[in-house]
Amino acid sequence: MAATLIDGKAVAAGLRLRIAEGVAGLAAAGHVPGLAVVLVGEDPASQVYVRSKARQTVEVGMRSIEHRLDAATPEAELLALVCRLNDDPQVDGILVQLPLPAHIDSARVIEAIDPAKDVDGFHPMNAGRLATGTGGLVPCTPLGSLMLLKTVRPDLAGLEAVVVGRSNIVGKPMAQLLIAESCTVTVAHSRTRDLPAVARRADILVAAVGRPQMVKADWVKPGAIVIDVGINRILAPELGEGKTRLVGDVDTEAAAAVAGAITPVPGGVGPMTIACLLANTLTAACARRGLRTPLA
Ligand code: GUN
């Protein structure tokens, strides 16, 4: 394996330490930042994420506020809860776990969140701020991915970046962040012609498609930095009957023979997402009090 493995677990742990220091500073001034997480329904993966978020929130010294609602909760009831959290001075960040049940319009719920408390960075106001370079809260997974990139290449200016995937949660904001870093950015997707050839142009290749091990070694330019955003559970008969394991969107082992640096799955981008959620909560808590974030 030639590539440097980018240790997202270690980078996330370092970030959480800095967050904890910032939280302690705010707490000493009389304010403990609060993060409200809303889970609708019993999706097992969402339950795991929400538990993990709550635990890490408390570990950095913040207040965790959890709201678990029945899967049949009417949209109006969820919107009313979001309104109450918007008005609650103890709440600095609001996260409504996605996906929501089919009868609820996710866009309407996201737009109901106060943009100043939108620690997911999904509100159109924050998306617009990112696109126009005017501040705002940035989606956690792209923010964490950028931090990992910078651990191996602090100055990204002039590099060719290819983002595979055009979701509002990862692909589009990732492209905006890379533009702000003065990269030349291509956003590729399921309708892109000759995707392997496009990917091979990349000095920075970000895979965010949600397809297990889709990016092969011959898609990777020698020496490229590969950021694998995918978290896919696949059957792993080699581990025993019915066993599963997590893989990314990249065929990591093969790609690592070509890449200069690569994020593993698990242990790459994944741990950064929650750490960045906590970072955004601290940033929001500071901004609501007219303070600069200590993380800048
Ligand atoms: N579901 C999976 N990832 C996320 C995330 O980052 N934020 C929210 N709100 N829901 C998710």
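The figures that follow rest on heavy atoms only: side chains count, while hydrogens, waters and symmetry mates do not.
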| request: Would you kindly confirm whether Val23 and Leu137 end up in one hydrophobic cluster when ILVMFWY residues are joined by side chain heavy atoms under 4.5 Å apart? | output: no

| field | Pro33 to Leu26 - nearest heavy-atom pair and separation | value | CG-CD1, 3.7 Å

| task | Could you tell me which non-hydrogen atom of Leu98 sits nearest to which non-hydrogen atom of Ser46, and how far apart they are? | result | O-OG, 3.9 Å

| field | Option from Lys53, Gln47, Arg68 for which side-chain hydrogen bond (donor to acceptor under 3.5 Å, both in side chains) with Gln97 holds | value | Lys53

| Same apolar cluster: Val209 and Leu177, side chain cutoff 4.5 Å | no

| request: Check whether any side-chain N or O of Asp228 sits under 3.5 Å from a backbone N or O of Thr263 as a donor-acceptor pair, and report yes or no. | output: no

| query | Are any non-hydrogen side-chain atoms of Asp92 and His31 less than 4.5 angstrom apart? | reply | yes

| Is there a donor-acceptor contact under 3.5 Å from the side chain of Asp118 to the main chain of His123? | yes

| task | Using modelled atom types only, decide if a donor and an acceptor are shared between the side chain of Ser167 and the backbone of Val170 within a distance under 3.5 Å. | result | yes

| query | Can you tell me how far CD of Glu66 sits from CZ of Arg51, rounded to the nearest 0.5 angstrom? | reply | 9.0 Å

| Option among Val138, Leu282, Leu277 that satisfies the side chain to side chain contact (heavy atoms under 4.5 Å, CB included) test with Val119 | Leu277

| said: Within the structure provided, determine whether Val164 and Val206 are in side-chain contact (heavy-atom separation under 4.5 Å). | reply: no

| request: Taking only Lys NZ, Arg NE, NH1 and NH2, and the carboxylate oxygens of Asp or Glu, determine whether Arg16 and Glu59 approach each other closer than 4.0 Å. | output: no

| message | Is it the case that the side chain of Asp203 and the backbone of Ala224 share a donor-acceptor pair, with hydrogens and angles ignored and the cut-off at 3.5 Å? | response | no

| task | Output the distance between atom OG1 (Thr132) and atom CD (Gln176), rounded to the nearest 0.5 Å. | result | 8.5 Å

| field | Residues Met147, Leu15; criterion side chain to side chain contact (heavy atoms under 4.5 Å, CB included); working and verdict | value | CA-CA 10 Å; Met147 287 178 187; Leu15 177 57; 3.8 Å; yes

| Check: Lys216 main-chain N/O paired with Asp251 side-chain donor or acceptor under 3.5 Å | no

| said: Looking at every heavy atom in both Pro89 and Arg289, which two are closest together, and how far apart are they? | reply: O-NH2, 4.1 Å

| Cluster check Val226, Leu159: I/L/V/M/F/W/Y, side chain < 4.5 angstrom | no

| task | Rounded to the nearest 0.5 Å, what's the gap from CD1 on Ile225 to CG on Leu148? Could you check? | result | 11.0 Å

| query | What's the shortest heavy-atom distance between Trp219 and Leu205, and which atoms? | reply | O-CD2, 4.1 Å

| message | I need the Leu149 CG to Arg153 CZ distance, nearest 0.5 Å. | response | 10.5 Å

| message | Within the 4.5 Å heavy-atom criterion, are Ile204 and Cys183 side-chain neighbours or not? | response | yes

| request: Please confirm whether the backbone N or O of Gly210 pairs with a side-chain atom of Asp249, one donor and one acceptor, at under 3.5 Å? | output: yes

| query | Is any side-chain N of the basic residue among Lys243 and Glu238 closer than 4.0 Å to the acidic one's carboxylate O? | reply | no

| query | Just wondering, are more than 12 heavy atoms of other shown residues or ligands nearer than 6.0 Å to CE in Met125? | reply | no

| said: Is it the case that the side chain of Ser52 and the backbone of Val48 share a donor-acceptor pair, with hydrogens and angles ignored and the cut-off at 3.5 Å? | reply: no

| request: Answer yes or no: is there a donor N or O on one side and an acceptor on the other, between the side chain of Asp70 and the main chain of Ala72, under 3.5 Å? | output: yes

| query | For the side chain of Arg18 and the backbone of Leu295, is there at least one donor-acceptor N/O pair under 3.5 Å apart? | reply | yes

| query | Honestly curious: do Ile104 and Ile94 fall in one hydrophobic cluster under the side-chain, below-4.5 Å linking rule? | reply | yes

| Check: Leu39 and His67 side chains under 4.5 Å, non-hydrogen atoms | no

| request: Let me see the working for Arg108 and Leu79 under side chain to side chain contact (heavy atoms under 4.5 Å, CB included), right down to the final yes or no. | output: CA-CA 8 Å; Arg108 196 174 292 150; Leu79 290 171; 4.2 Å; yes

| query | Is there a donor-acceptor pair under 3.5 Å between the side chain of Arg129 and the backbone N or O of Thr134? | reply | yes

| request: Find out whether Phe122 and Ile169 are in side-chain contact, i.e. whether some heavy atom of one side chain is under 4.5 Å from a heavy atom of the other. | output: yes

| Leu278-Met272 co-clustered via ILVMFWY side chain contacts under 4.5 Å | yes

| task | Salt-bridge test for Lys117 and Asp114: reply yes if a basic N is under 4.0 Å from a carboxylate O, no otherwise. | result | no

| query | Given Arg63 and Gln90, is the side chain to side chain contact (heavy atoms under 4.5 Å, CB included) satisfied, shown in steps? | reply | CA-CA 9 Å; Arg63 186 179 291 123; Gln90 304 263 46; 3.0 Å; yes

| said: Tell me whether the count of non-hydrogen atoms from other residues, nucleotides or ligands lying under 6.0 Å of CZ in Arg233 goes above 12. | reply: yes

| note | Value for CG (Leu235) from CZ (Arg245), rounded to nearest 0.5 Å, stands at 10.5 Å

| Nearest heavy-atom pair of His103 and Thr73: which atoms, and what distance? | NE2-O, 2.7 Å

| Just wondering, do Ser145 and Val229 contact through their side chains at under 4.5 Å, heavy atoms? | yes

| query | Is the shortest heavy-atom distance from the side chain of Pro124 to the side chain of Glu111 under 4.5 Å? | reply | yes

| Near Arg55 CZ, under 6.0 Å, is it more than 12 heavy atoms from other residues, nucleotides or ligands? | yes

| query | Taking all atoms of both residues into account, what is the closest heavy-atom pair of Ile19 and Ala275, and its distance? | reply | CD1-O, 3.3 Å

| field | Student check: side-chain heavy atoms of Asp194 and Pro196 closer than 4.5 Å | value | yes

| Leu156 side, atom CG; Leu146 side, atom CG - distance, nearest 0.5 Å | 6.5 Å

